[in-house]
Chemist: 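Here it is, the structure in full.
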2 protein chains.
Amino acid sequence: MSLTGNGPTLRDVAVMAAVSIKTASRVLNDDPAVAAPTRAAVMEAMRALDYQPDPAARSLRAGKDRLVGVVIDSIGDVFFAQLVAQIEATLDTAGYRVLVASSNRDPVRERDLVQSFVSRRCAGVIVAPNGPDTLADLRMRDVPVVFVDRAGTLAGSQSVVSDDVGFGRTATSHLIAHGHTRIALLSDTPVIDTTRQRHEGFRAAMAEAGLPVDERLVRTDCPGPAEVMRVVPALLGMDEPPTALISTNTRLSLGVVPALHQRGRTDVALVAIGDFAMAESRSPAVTVIDHSPERVGDAAAAAMLARLAPPGDQPSQDPTVIVPARLIARGSGELLP
Amino acid sequence: MSLTGNGPTLRDVAVMAAVSIKTASRVLNDDPAVAAPTRAAVMEAMRALDYQPDPAARSLRAGKDRLVGVVIDSIGDVFFAQLVAQIEATLDTAGYRVLVASSNRDPVRERDLVQSFVSRRCAGVIVAPNGPDTLADLRMRDVPVVFVDRAGTLAGSQSVVSDDVGFGRTATSHLIAHGHTRIALLSDTPVIDTTRQRHEGFRAAMAEAGLPVDERLVRTDCPGPAEVMRVVPALLGMDEPPTALISTNTRLSLGVVPALHQRGRTDVALVAIGDFAMAESRSPAVTVIDHSPERVGDAAAAAMLARLAPPGDQPSQDPTVIVPARLIARGSGELLP
DNA sequence: TTCGACGATGACATCGATGACACGAGGAGG
DNA sequence: CCTCCTCGTGTCATCGATGTCATCGTCGAA
């Protein structure tokens, strides 16, 4: 009597087909060394019993499971939700299942989650890292790791990131091209890799144009929409207020847009990094830099599948894949000072 | 030599502590029948080796895994993303991991996913069902099922849904109270349970007010924002156009709002079912009925944990938990005809 | 005719952990 | 002083599948 009350096992299939368990297992694994009639009998039995292999047993014996762990900041964040959706879709075609967990930006939790995924025999792990070397010293059992959104450091791993420097640079030079010289940058802490790089792009573009950076306009104290709604009025109330704003991520845009709206400031130029729902239907419509979660997710999943493929046809990829920037001009970024 | 190159096993711990594997296992499972010094020695060994139990082996032997499968329409959908985030957070406190998969509204895929989760020995499954009886005839092994968002039918299961009839009724009577009599309902197909119930609430409110329902204003042909953007102008172009709109879900609101905006129609009343980012910062701000994914998710996870608790302290809950409606008046729903 | 090769299949151990049950030591009760 | 019981612990089988190696025909080559 089965403890689990579970469905039929390979043993049941074997009995019904009058072969040994091993032979049934061979059929299950497409082992060519099975005579055609035998194979047919086994397959028939599997169908008749509606047999389904037990992943736990397989995983235990084989040491691998068709499972990919995904650790991101939060599954509730729109960007990551769409990222995961795409990862799931791409991996699904290869028969992999997705285990998700939110790190809440906590490097320790991130580490623990990855370790637990590895212990769980995940075939691979996709991680949005919170800082450098978060995964150092883990017993990785050669489980392939792909970092997304932010580059990670780990021997043999691969990163799929966006062109964050390009994001910052493109947004900035777009505004400069429209005559702006006092440009404010709204961002969370530059501890985050992507944030730092967007800053870098901003400064590079300013330098290239020979413009000075007023540090009072570089705000790194905006973790979320609530803070932004306080910071924007403060900026606009300065003696020499900025004529243009750059919102460095979608979460912040969700604060910048209402803040401007509340004050009826349709004259302040704005470029948002990361597209968002209804950006098109504002007045003016919001110019954004498309930070497509789908493209990043698809690239990450593809990279993972490549590493999961049987060794030999390893495409030996670049250690870092960069998804490029794309500016979508809609009006708010084209306002003149 | 281990096939997996994995970390230490219980055997290693046992050897180091100079006890049998079984005793080590007892310590691991908090079996009281272990002498204090022995327990201490084993724990010390576990710490020293940084031992981590193998979920696959446990799951195989015990027939259960600390994993809860979640099957929703799409993890990319904001509503479900937040729902899952909350589920994850609540389950995490009890040490459960989340396995997610998107059904894409396909009942067959939904069925397969649930079956695969059950075969995988998930301790429980949370499902947003796509139609009645989608899970009939599955070998469920007594795995508890909790349906979310839409009620499901399955012996012994539980549903956590929103008060969808109430959503429809509240939205409608709110508009009626502000003098509207020609109210258009924008929705996707009433095959979806929640949609049907919102319709029901709409008709009930109309009937209670003694108002006739003009069937031309009841649009069930809006699967997404794109269609809505065609339908809204068509409605407003009628001989006797509606003076108020009800958007029955967030996805549609993302089309209704731009559609009205494009035409500068700030005079049309609107109540949206489901809150969304920046609903507050429109002109007029959008009156919504808060369809809080967090509350639904938390209730679902709590219900699951209750069923997962050791039998005996089963709180014998209601088969259906209903999260109530809450209208947030912001302006657009209070416009007069 | 005999032997080696090969094709098809099965017996058995194994992955890491837990359940059933047995066993030895020591204390209580007759 | 001898049972009987309890406590702490160990032995063995088991969960469901797969790797290793043995076995048994059968057929072609010497």
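Chain letters run A, B, ... following the sequence lines, proteins first and then strands; every chain starts at 1. Since the model is a prediction, treat every value here as computed from it, not as a measurement.
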Chemist: Compute whether any side-chain donor of one residue and acceptor of the other, for A:Thr194 and A:Asp149, lie under 3.5 angstrom apart.
Modeler: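 There is no such pair (donor and acceptor under 3.5 Å, judged by atom type) between the side chains of A:Thr194 and A:Asp149.
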Chemist: For B:Ala57 and B:Ala36, take the nucleotide of DNA chain D holding the closest heavy atom to each; which residue's nucleotide lies nearer the 5' end?
Modeler: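 On the 5' side of the pair lies B:Ala36.
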Chemist: Are any non-hydrogen side-chain atoms of A:Val70 and A:Leu99 less than 4.5 angstrom apart?
Modeler: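 Counting from C-beta outward, A:Val70 and A:Leu99 never come under 4.5 Å.
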Chemist: For D:dT9, take OP1 and OP2 only and decide whether either is under 4.0 Å from a side-chain N or O of B:Thr38.
Modeler: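 Answer yes for this pair, as a side-chain N or O of B:Thr38 is under 4.0 Å from OP1 or OP2.
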Chemist: Indicate whether OP1 or OP2 belonging to D:dG10 is found under 4.0 Å from a side-chain N or O atom of B:Ser20.
Modeler: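 Looking at the OP1 and OP2 atoms of D:dG10, one of them is under 4.0 Å from a side-chain N or O of B:Ser20.
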Chemist: Output the rounded distance in Å from CD1 (A:Ile21) to C1' (D:dT14).
Modeler: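 Going from A:Ile21 (CD1) to D:dT14 (C1'), I get 13 Å.
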Chemist: Let me know the distance between CG of A:Leu10 and P of D:dG19, rounded to the nearest Å.
Modeler: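 That distance rounds to 12 Å.
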Chemist: Just so I know, are the side chains of B:Val321 and B:Val161 near enough to count as touching, which here means a heavy-atom distance under 4.5 Å?
Modeler: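 No, every pair of side-chain atoms sits at 4.5 Å or beyond.
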Chemist: Measure CG/B:Asp30 against P/C:dT18 and give the value in whole Å, please.
Modeler: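 It works out to 11 Å between those atoms.
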Chemist: In whole Å, what is the span from the CZ atom of A:Arg61 to the C1' atom of D:dT18?
Modeler: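 From A:Arg61 CZ to D:dT18 C1': 5 Å.
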Chemist: Just to be sure I understand the rule, does B:Ala35 reach a base, reach only the sugar-phosphate, or reach nothing, if contact means heavy atoms closer than 4.0 Å?
Modeler: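 Sugar-phosphate: the residue B:Ala35, judged by heavy atoms under 4.0 Å, touches backbone atoms but no base.
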Chemist: Less than 4.0 angstrom between a side-chain N/O of A:Thr23 and OP1 or OP2 of C:dG10, yes or no?
Modeler: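 Indeed, a polar side-chain atom of A:Thr23 lies that close.
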Chemist: With a cut-off of less than 4.0 Å, is there a side-chain N or O of B:Arg58 near OP1 or OP2 of C:dG16?
Modeler: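 Negative; the distance criterion is not met.
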Chemist: How many whole angstroms separate atom NZ of B:Lys22 from atom C1' of D:dG8?
Modeler: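 In whole Å, D:dG8 C1' lies 13 Å from B:Lys22 NZ.
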Chemist: Look at A:Arg105 together with A:Asp77 and state whether they make a salt bridge at an N to O cut-off of under 4.0 Å.
Modeler: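 So A:Arg105 does not pair with A:Asp77 through a salt bridge.
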Chemist: Closest to the B:Val34 side chain: D:dT9, C:dT18, C:dA17?
Modeler: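 That would be D:dT9.
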Chemist: Assess, by modelled atom type and distance only, whether the side chains of B:Ser102 and A:Glu88 contain a donor and an acceptor separated by less than 3.5 Å.
Modeler: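 A donor-acceptor contact under 3.5 Å links the two side chains.
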Chemist: For B:Asp31 and C:dG19, what is the distance between atoms CG and C1' respectively, to the nearest whole Å?
Modeler: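 That distance rounds to 11 Å.
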Chemist: Please report, rounded to the nearest Å, how far the P atom of D:dA13 is from the CG atom of B:Leu60.
Modeler: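 Checked: the CG to P distance equals 18 Å.
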Chemist: Roughly, in whole Å, what's the span from CZ in A:Arg26 to P in C:dA11?
Modeler: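 Nearest whole value for this atom pair: 11 Å.
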